[in-house]
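We're numbering straight along the sequence, starting at 1.
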Amino acid sequence: QVQLVESGGGLVQAGGSLRLSCAASGRTVSNIAMGWFRQAPGKEREFVAAINWTGRVTNYADSVKGRFTISRDNAKNTVYLQMNSLKPEDTAVYYCAARSAAIISAMTWEYRDWGQGTQVTVSS
């Protein structure tokens, strides 16, 4: 099992940027896929982005393509989500998640470990 701690959330104006970090501990995440999900009030948790174990394969939700970038630093056991051109509809709690497999997935049920989440609020 791996423990995940997200950071970097906050309040930003529309058009602004934030960089989320997800620090893993308890075991290495360098050989497993990682993902970011988000959940807005009253809505289900949804997929945002995923990255495979090497960092060379990524996948994004259509709503964030071209604005968000997922990356990882396996030496630091950390995954990042760079969010640019933020919109009010990006407001949500953002969660980092770890699979037990190396390949990426957009399905919440295929992720074994989850962080506590970090709030991102985008004002108009």
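Between Ala98 and Ile32, the shortest heavy-atom distance links the atoms CB-CD1, 3.9 Å. Closest non-hydrogen pair, Ala24 versus Val2, comes out as CB-CG2, 3.8 Å. Across every non-hydrogen atom of Val79 and Ser71, the tightest pair is CG1-O, 3.3 Å. Across all their heavy atoms, Ser17 and Ser85 have their closest contact at OG-N, 4.3 Å. Shown here for Arg56 and Thr54, the closest heavy-atom pair between the two residues is N-OG1, 3.1 Å. For the residue pair Val12 and Gly16, the shortest heavy atom distance occurs at CG2-CA, 3.8 Å.
Not one N or O on the side chain of Asn31 forms a donor-acceptor pair closer than 3.5 Å with the backbone of Ala102. Although no hydrogens or angles enter the test, the distance criterion places no donor-acceptor pair under 3.5 Å between the side chain of Asn74 and the main chain of Asn77.
Checked against ring-ring contact (aromatic ring centres under 6.0 Å, His included), Tyr80 has no partners two or more places apart in sequence or in another chain. Shown here are the side-chain hydrogen bond (donor to acceptor under 3.5 Å, both in side chains) partners of Thr121, two or more places apart in sequence or in another chain: Gln119. Residues that satisfy the salt bridge (charged side-chain N to carboxylate O under 4.0 Å, His left out) test with Lys43, not counting sequence neighbours, are absent from this structure. Gln82 is linked by a side-chain hydrogen bond (donor to acceptor under 3.5 Å, both in side chains) to Asn84, counting only residues two or more places apart in sequence or in another chain. Residues satisfying the side-chain hydrogen bond (donor to acceptor under 3.5 Å, both in side chains) criterion with Thr78, sequence neighbours excluded, are absent altogether. Scanning for ring-ring contact (aromatic ring centres under 6.0 Å, His included) contacts around Trp53 gives an empty result, with sequence neighbours left out. The salt bridge (charged side-chain N to carboxylate O under 4.0 Å, His left out) test applied to Asp90 returns Arg38, Arg67, not counting sequence neighbours.
Cluster annotation: Tyr95 is not connected to Ile51 through the hydrophobic network of ILVMFWY side chains, with a link wherever side-chain heavy atoms come within less than 4.5 Å.
Annotation for Glu46: atom CD counts as buried by contact number, over 12 foreign heavy atoms lying within 6.0 Å. Within a 6.0 Å sphere centred on CG of Leu11, other residues, nucleotides and ligands contribute more than 12 heavy atoms.
Here salt bridge (Lys or Arg N to Asp or Glu O under 4.0 Å) pairs that include residues 4-30, with residues two or more places apart or in two chains, number zero. Note on residues 16-109: pairs passing disulfide bond (SG atoms under 2.5 Å apart), not counting sequence neighbours, are Cys22-Cys96. Identified under the salt bridge (Lys or Arg N to Asp or Glu O under 4.0 Å) test for residues 72-89, with sequence neighbours left out: none. Pairs of residues two or more places apart, or lying in two chains, that qualify as side chain to side chain donor-acceptor pair (under 3.5 Å) and include a residue from residues 99-112 are Ser105-Glu110.
Grouped with Ile104 in one hydrophobic cluster are Val57, the linkage being side-chain heavy-atom contacts under 4.5 Å among Ile, Leu, Val, Met, Phe, Trp and Tyr residues.
Partner of Val48 under the side-chain contact (heavy atoms from CB on, under 4.5 Å) criterion, chosen from Ile70, Val64, Leu20: Val64.
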* CA sep, side-chain torsions, deciding dist, call: Trp36, Met83, side chain to side chain contact (heavy atoms under 4.5 Å, CB included) -> CA-CA 12 Å; Trp36 285 97; Met83 305 186 295; over 6 Å; no
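The aromatic rings of Phe47 and Phe37 lie perpendicular to each other, with more than 60° between the two planes, well past the 30° mark.
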